Amino acid sequence: MERPRSLPEHSQLIKGIAGIRTQGQAALLTGPGSPQLRSSACLDCAELPVPQRAPLKASVQSDQTAGGNIGMDSVGDTLQRLRETFSAGRTRPAEFRATQLKGLGRFLRDNKQLLQEALARDLRKGTQLDRAFIRKEPFGLVLIIVPWNYPLNLSLVPLVGALAAGNCVVLKPSEISKNMEQVLAEVLPRYLDQSCFAMVLGGPEETGQLLEHRFDYIFFTGSPRVGRIVMTAAAKHLTPVTLELGGKNPCYVDDNCDPETVANRVAFFRYFNTGQTCVAPDYVLCSPEMQERLLPALQSTIARFFGEDPQSSPNLGRIINDKHFQRLQGLLGCGRVAIGGQSDQSDRYIAPTVLVDVQETEPVMQEEIFGPILPIVNVRSLDEAIDFINRREKPLALYAFSKSSEVVKQVLARTSSGGFCGNDGFMHVSLASLPFGGVGASGMGGYHGKFSFDTFSHHRACLLRSQGMEKVYSIRYPPYTPRNLRMLLVAMETRSCSCTLL
Ligand code: NAD
């Protein structure tokens, strides 16, 4: 369990990092042609145990074949071992991280001679570091590709970030939400400088042709399938990408919950926009006992939200097109319908539905639902729920409901997802103070608020110097002497590194 980090833990980490930086500089600076430093000149590790050199060699050799390369079997074993360590949560506590950083510090100190020799053989030169600042600059020409489910929001929110950061933009709206596509194409350009903004219309074929061109950044929102196509096209030009993708978002409901509250919140976020929301809770994981309490609560919530005949409710939308309607109608055949289940093709209407007795192998648990259908999958414990979640691709959002904050924190600490919300639906997405984005199969990168500006900016690392003080700086030039090296290290330790955001 990860516990909240206290200030001393943070400062421990920062100290560790600062220590490594100084020692790293020392190792790099004491390169070829320079005399060896006295070991205690720059290091503050007196309290740390001094390791032997031999184990370092031994650990390298144990992972290598006789030929010196890591064999395929041993790579597999090694990756498996590292994944197990990560899954077990070993790398999460701050103390563990600090210990590893201190280990790196000891590595530099104990192997200085070895490292200097390697540097001398590889590079035959020293390296210097100095004050730096970050300049956030526009990438240049940005392509924004938009899906159909929030066709205005998912066009404008990235566009704001791209323009704010100073880019020129090509916007490709979804051809499926064709009315919004038409309005955007006709009206939006009138409000923007045509020299920096253009729209390209079309479906997969036209977008494919567009992607053959070189862009400086591609911001894609859509399915993981098309995300792969976009990333492959971007790779040809080494174009960086943000991929805002979808997937199946689990929603764990603990036994220690008020069923009415959970039903209100899960139903609201599941059936919002008729379920056609990338961050909607995609399925519920709960015990059979909780399911028994949740079903009547969901039944009465759905009736309260949409009336006894949801088809005539002004508060329930329709499925975007026939293709998606038929796909969703097919999913209604999975498990057993506990609530809803009706559909009307002529109206593209699907009733708010809850499915039970659903098997993990059925289509409704294999694909992103993206419609008003909520399957409930039974688990016997919190551990089983977490195993279930971790067996699958990392989701865009993850939800956990419990009156016990300990349970919510456990779900948070032992899983991974783009975003997380305890005891509610996708409210975290509405906060501009939080980045919105996926991880693993649910995407890469993030945006919203200031994060949008950062996403569409290249963070340029800059160093500006004057021509003054050449005498002082000359201590860095060869030939190296013990005296000028000592002075150099003292200067490096005492100088503060400033970072200016422009
Ligand atoms: P999609 O991937 O089918 O289409 C998205 C965009 O890609 C459209 O503009 C489309 O014209 C274009 N496109 C489609 N096929 C293409 C191809 N072969 N080559 C190049 N471009 C192609 O997605 P969609 O059906 O419009 O939207 C639904 C998906 O988007 C869901 O998976 C949903 O979860 C996801 N989504 C994610 C977010 C997010 O912020 N993470 C938001 C909304 C939707």
Side-chain angles (χ1 to χ4, degrees), residues 143-159 161 170-182 184-185 199-213 215 218-236 239 241-250 269-270 272-283 319-328 366-371 393-398 417-419 426 428-430 434-448 451-452 455:
L143 171 62
I144 297 175
I145 302 177
V146 185
W148 53 262
N149 61 327
Y150 290 93
L152 182 61
N153 179 289
L154 296 173
S155 297
L156 295 192
V157 178
L159 184 59
V170 172
L171 183 70
K172 211 301 285 177
S174 172
E175 75 288 5
I176 291 177
S177 43
K178 48 186 181 302
N179 295 292
M180 182 57 73
E181 179 194 41
Q182 192 183 344
L184 287 174
M199 287 188 63
V200 173
L201 308 184
E205 198 185 327
E206 292 79 4
T207 315
Q209 287 162 5
L210 187 60
L211 283 167
E212 284 171 19
H213 295 270
F215 291 93
I218 299 177
F219 187 99
F220 171 80
T221 308
S223 60
R225 181 186 68 82
V226 180
R228 286 185 175 87
I229 295 173
V230 170
M231 197 167 171
T232 304
K236 279 197 190 133
T239 298
V241 292
T242 290
L243 299 179
E244 295 282 342
L245 310 178
K248 291 183 80 63
N249 306 310
F269 288 101
R270 169 72 280 188
F272 190 86
N273 202 28
T274 329
Q276 301 168 115
T277 304
C278 58
V279 277
D282 188 274
Y283 61 93
I319 305 307
I320 182 78
N321 59 19
D322 287 342
K323 187 176 147 212
H324 279 285
F325 174 86
Q326 276 147 16
R327 182 183 61 79
L328 289 164
Q366 297 295 317
E367 63 183 76
E368 181 181 9
I369 296 171
F370 226 55
E393 298 286 12
K394 292 180 182 176
L396 183 59
L398 178 51
S417 62
F426 46 84
H428 60 292
V429 177
S430 66
L434 296 178
F436 171 55
V439 59
S442 58
M444 60 187 70
Y447 72 130
H448 284 191
F451 304 101
S452 292
T455 285

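Remember, predicted model here, so these are calculated numbers, not experimental data. One-based numbering, in listed order, for ligands and for the atoms of each. Residues take their numbers from the sequence shown, with the count starting at 1.
A distance of 10.5 Å separates OG in S174 from CG in L184, rounded to the nearest 0.5 Å. In this structure, E393 CD and K248 NZ are separated by 12.5 Å, a value rounded to the nearest 0.5 Å. One finds the CD atom of E206 at 9.0 Å from the CG atom of L201 (value rounded to the nearest 0.5 Å). The distance from the CE atom of M231 to the CD1 atom of I229 is 13.5 Å, given to the nearest 0.5 Å. Here the CZ-CG distance, from R225 to L245, works out to 12.0 Å after rounding to the nearest 0.5 Å. Between the CZ atom of F219 and the NZ atom of K172 there is a distance of 15.0 Å, given to the nearest 0.5 Å.
Checking H324, E367, E368 against atom 31 (C) of ligand 1, the nearest heavy atom belongs to E368. Around atom 23 (O) of ligand 1, the closest heavy atom drawn from A233, S223, G203 belongs to S223.
Below 3.5 Å of separation, one finds no N or O of F220 facing any N or O of ligand 1. Looking at ligand 1, you'll find an N or O of W148 within less than 3.5 Å of one of its N or O atoms.
Protein heavy atom at the shortest distance from atom 8 (C) of ligand 1 is V146 O, 3.3 Å. Protein heavy atom closest to atom 41 (N) of ligand 1, with residue, atom name and distance, is L245 O, 2.7 Å. Looking at atom 43 (C) of ligand 1, its nearest protein heavy atom turns out to be N149 OD1, 3.2 Å. With hydrogens left out, the protein atom closest to atom 27 (O) of ligand 1 is P147 CB, 3.3 Å, a heavy atom. Of all protein heavy atoms, the one lying nearest to atom 42 (C) of ligand 1 is C278 SG, 3.1 Å. Here the protein heavy atom with the shortest distance to atom 14 (C) of ligand 1 is V226 CG2, 3.8 Å.
The aromatic rings of F436 and Y447 are tilted relative to each other, their planes meeting at an angle between 30° and 60°. Note on ring orientation: taking the six-membered ring where Trp is involved, the planes of F370 and H324 are tilted (angle from 30° to 60°).
For I229, the heavy-atom gap to ligand 1 drops under 4.0 angstrom. Remark: distances from the non-hydrogen atoms of Y150 to ligand 1 are all 4.0 Å or more.
Counting the atoms of ligand 1 from 1 in the order shown, those under 4.0 Å from a heavy atom of K172 are 8 (C), 9 (O), 10 (C), 11 (O). The atoms of ligand 1 that sit less than 4.0 Å from any heavy atom of T221 are 5 (C), 37 (C), 38 (C), 39 (C), 40 (O), 42 (C), 43 (C). The atoms of ligand 1 that sit less than 4.0 Å from any heavy atom of E175 are 10 (C), 11 (O). Heavy-atom proximity to T207, at under 4.0 Å, picks out these atoms of ligand 1: 11 (O), 20 (C), 21 (N). Near L154, the atoms of ligand 1 lying under 4.0 angstrom from a non-hydrogen atom of the residue are 42 (C), 43 (C). Counting atoms of ligand 1 from 1 in the listed order, those under 4.0 Å from a heavy atom of I145 are 6 (C), 7 (O), 9 (O). With ligand atoms numbered from 1 in the order given, ligand 1 contributes 37 (C), 38 (C), 39 (C), 40 (O), 41 (N) to contacts under 4.0 Å with heavy atoms of E244. Heavy-atom contacts of L396 reach the following atoms of ligand 1: 41 (N) (cutoff under 4.0 Å).
In this structure the side chain of L434 never reaches within 4.5 angstrom of the side chain of H448, judged on heavy atoms. At a threshold of 4.5 Å between non-hydrogen side-chain atoms, the residues M180 and P173 do not count as touching. Under the 4.5 Å side-chain criterion, counting only non-hydrogen atoms from C-beta, S417 is in contact with P395. Between N249 and P281 the shortest side-chain heavy-atom distance does not fall below 4.5 Å.
For the residue pair Y150 / T277, a side-chain donor-acceptor distance below 3.5 Å is found, with atom types taken as modelled.
Less than 4.0 angstrom separates atom 2 (O) of ligand 1 from at least one non-hydrogen atom of the protein.
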